[in-house]
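Small disclaimer: the values here were computed from a predicted structure and weren't measured.
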Amino acid sequence: MLSSNKNCLVEAGAVVTCAALFLCLGVPFLSGSDVTSNIRDDAQLRAMRDELERTKTLQLNNLDKPYFVAYSSDDTDQLAASGSLGGITGVSRVRVRHPVVEIRVGSYALDNTNTTFSGTPPLGLLPLDDDYQAIRTTLWLTSDALYKAATDQLTRKRTALRELSAGDEAADLAPAKAVQLVLPIGKLTVDQGQWEDSIRRLSGSLRKHPDVISSSVGLLAVASTYRVVNSEGTVVRIPQDLAQVEIRANGIAADGAPVWNHDFSMAPNAAELPAEQEIARAVEAVATETEALRKAPLADEYSGPVLFEGEAAPEMMAEVMTDAARLLRKPLSPPGSNERGFLDSVWASRVGTKVGPEWLTIVDDPLQKSFQGHSLLGQYQVDDQGVKAAKVVLVDKGILKGFLLSREPVKGYSGSNGHGRLPGAYGSEAAVIGNMFVLAAQSVPEARMKAKLLERAGAAGLKYGVMIRRLDFPSTANLEELQSLVRQLQKNGYARTLMAPLLAYRVYPGGREELVRGFRFKEFSAKDLRDVAIASDHSYVLNYLNNGTAFNVAGLSQEATTSAVICPSLLFENIELDRAQEEGSRPPIVSPPALSAEMK
């Protein structure tokens with residue numbers, strides 16, 4: 001798991017902690033003697049193991065003892081730097097150790113989780129010094145409080161079950177084989193001064209674009225060591241590096257409507273990020289596109305074939321598959337309580353049925369390290385719950401075969417397939433995409449996809465087809481746009497949809513493209529994969545920070561991990577697009593101050 005708090009990239013002072021995103025593949029698991037030796041030399045692991053043994057014996061009066069205990073920690077060293085218009089707006093170097101303590105009482109079949117009153121309160125931080133006694137004391141105090149809370153939760157759960165005529169008969173936790181893997185501790189290696197100079201130059205180049213009213217360039221570099229010890233015998237210590245460059249640009253159209261654009265570059269570490277010259281080209285492209293969006297005409301409502309070209313295809317699949325690829329467990333709720341809305345997978349009852357064309361296969365394989373020379377950041381060896389990662393076939397030749405699973409049993413599934421990677425609700429763990437491959441058994445050359453779009457648009461009697469090259473994913477929309485999305489969801493009865501297209505084009509006969517702004521999707525979900533008509537012969541890689549939600553607003557969630565989606569361009573037979581309804585703000589009354597000699 002890679003966790004981040006608000007504004008994790010572009011604002012200094014934010015902290016990102018890393019856990020079960022394990023990049024060191026092909027490393028053998030350890031024998032018992034090797035594990036003992038590594039624990040002895042690691043103050044955190046030793047304190048976790050020793051406190052775990054004590055915690056297993058806890059018992060208050062005649063209440064249940066813990067049957068499962070797990071301690072984990074993210075030991076994170078992070079550099080975040082951001083700049084705008086040639087100046088550094090923030091720099092922070094932060095080191096934290098964030099613990100997670102899980103105490104379950106009862107049994108695998110029935111414990112204190114999976115109820116509306118289950119959950120773990122926010123915990124403090126572990127000492128940064130490798131002080132065994134200080135670390136263990138922190139764990140002791142936390143364990144004592146959580147054990148008392150767990151016994152109360154189980155008592156309330158048993159009472160609620162007696163009052164209900166029927167309940168979920170699934171167990172509360174699936175047993176898992178012990179995993180022992182201890183790797184060397186990672187260290188953050190990044191030239192802070194060099195990156196600050198690069199950010200000044202890169203953000204300064206946006207001075208040449210006066211129609212871009214606000215912009216930023218930011219770096220996030222993280223080195224983290226994830227540790228987990230549990231009462232089943234699992235001992236894991238894995239290092240991880242992560243680096244990301246983010247470019248943002250915003251403008252205002254003549255009618256006052258906001259326009260925005262972005263670009264993300266991710267790599268396993270700072271050394272593997274693109275060279276400054278390549279990032280500079282991306283900065284220029286984002287700025288030029290933003291200026292073009294400002295002048296682009298408003299889109300009209302549209303119903304017809306839509307081509308997701310290039311990066312837009314994996315962005316779309318990342319959004320729709322976040323929810324479709326997993327099953328949620330509805331928590332137990334006492335009679336008469338106010339239940340929150342529960343939105344399960346659109347494929348929850350579709351196993352064994354057709355959900356896409358027969359040439360479509362979707363596989364999640366977190367064991368793959370790269371694809372055609374591109375590093376895949378959704379790779380890991382062991383998930384956040386200490387379960388070995390496994391390849392999962394989700395859709396085979398158009399037929400739904402299964403889901404991504406954590407250790408929380410759901411209807412029809414009693415065990416994990418190694419995808420528990422983010423904290424879920426009510427004491428659960430959410431199943432999350434690793435490396436998701438969208439495979440097409442039949443395809444057409446990428447260069448022919450636009451012609452195929454025009455063929456279908458013509459057959460439907462339309463003057464043009466629509467092509468999308470970038471979605472707002474991960475989303476960098478402002479508050480007003482997010483509020484507009486909420487209003488749209490309310491209007492449509494909270495039907496699933498996609499974030500707004502950032503780069504959308506009308507494509508006319510002959511191939512002429514016209515950039516338009518203001519498209520919004522109506523209802524759209526994984527159910528619409530049945531309408532995929534054609535896939536291209538070239539796949540695109542999207543590495544992204546995944547906070548476990550379909551909209552995936554950048555920097556909004558306190559918890560995130562890294563995922564990858566590999567997907568070819570996709571042409572849909574018919575998609576309904578609406579026109580943005582939000583009211584634009586008034587354009588600035590006066591021109592911006594001169595930012596370069598060219599503007600004076």
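Here the side chain of N543 pairs a donor or acceptor atom with the backbone of L377 at under 3.5 angstrom. Panel note: side chain T138, backbone L126; no donor-acceptor pair is recorded below 3.5 Å.
Residue pairs satisfying the salt bridge (Lys or Arg N to Asp or Glu O under 4.0 Å) criterion with at least one member in residues 176-192, sequence neighbours excluded, are absent. Screening residues 120-129 for salt bridge (Lys or Arg N to Asp or Glu O under 4.0 Å), with sequence neighbours left out, gives no hits.
Applying the ring pair (Phe, Tyr, Trp, His ring centres under 6.0 Å) test to F68 and every residue at least two apart in sequence or in another chain returns nothing. Under the side chain to side chain contact (heavy atoms under 4.5 Å, CB included) criterion, L52 pairs with K56, V69, Y71, V229, S231, sequence neighbours left out. Scanning for side chain to side chain contact (heavy atoms under 4.5 Å, CB included) contacts around D64 gives V105, L154, R158, with sequence neighbours left out. Residues satisfying the side-chain hydrogen bond (donor to acceptor under 3.5 Å, both in side chains) test with R54, not counting sequence neighbours, are E51. For Y413, there are no side-chain hydrogen bond (donor to acceptor under 3.5 Å, both in side chains) partners, not counting sequence neighbours. Evaluation of the side chain to side chain contact (heavy atoms under 4.5 Å, CB included) rule for E278 yields P274, R281 as partners, not counting sequence neighbours. For A176, the side chain to side chain contact (heavy atoms under 4.5 Å, CB included) partners two or more places apart in sequence, or in a different chain, are E232, V387, R407. Residues satisfying the salt bridge (charged side-chain N to carboxylate O under 4.0 Å, His left out) criterion with D396, sequence neighbours excluded, are absent altogether. Applying the side-chain hydrogen bond (donor to acceptor under 3.5 Å, both in side chains) rule to S539 yields no partners; only residues at least two apart in sequence or on another chain are considered. In this structure T113 satisfies the side-chain hydrogen bond (donor to acceptor under 3.5 Å, both in side chains) test together with R104, D111, sequence neighbours excluded.
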Residue pair T155, D152: steps toward the side chain to side chain donor-acceptor pair (under 3.5 Å) verdict:
CA-CA 5 Å; T155 299; D152 177 66; 5.8 Å; no
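In this structure, a donor-acceptor pair under 3.5 Å is present between the side chains of D75 and Q44. Under the 3.5 Å distance criterion, with hydrogens and angles disregarded, a donor-acceptor pair is assigned to the side chains of T561 and R421. Side-chain atoms of Q194 and D197 form no donor-acceptor pair, as typed in the model, at a separation below 3.5 Å. Side-chain N/O atoms of N435 and D365 include no donor and acceptor closer than 3.5 Å. Of the N and O atoms on the side chains of S428 and E408, not one donor lies less than 3.5 Å from an acceptor on the other residue. Judged purely by distance below 3.5 Å, without hydrogens or angles, the side chains of D364 and H419 pair a donor atom with an acceptor atom.
Residue M321 holds its CE atom at 12.0 Å from OG of S563, rounded to the nearest 0.5 Å.
A salt bridge does not link R136 to D131: none of the charged side-chain nitrogens sits closer than 4.0 Å to a carboxylate oxygen.
Taking the centre and axis of the six-membered ring of F403, the NZ or CZ atom of R326 falls outside the cone set by 45° and 6.0 Å. Note that R46 lies in the cation-pi zone of Y132, set by a 6.0 Å cut-off to the ring centre and a 45° limit from the axis.
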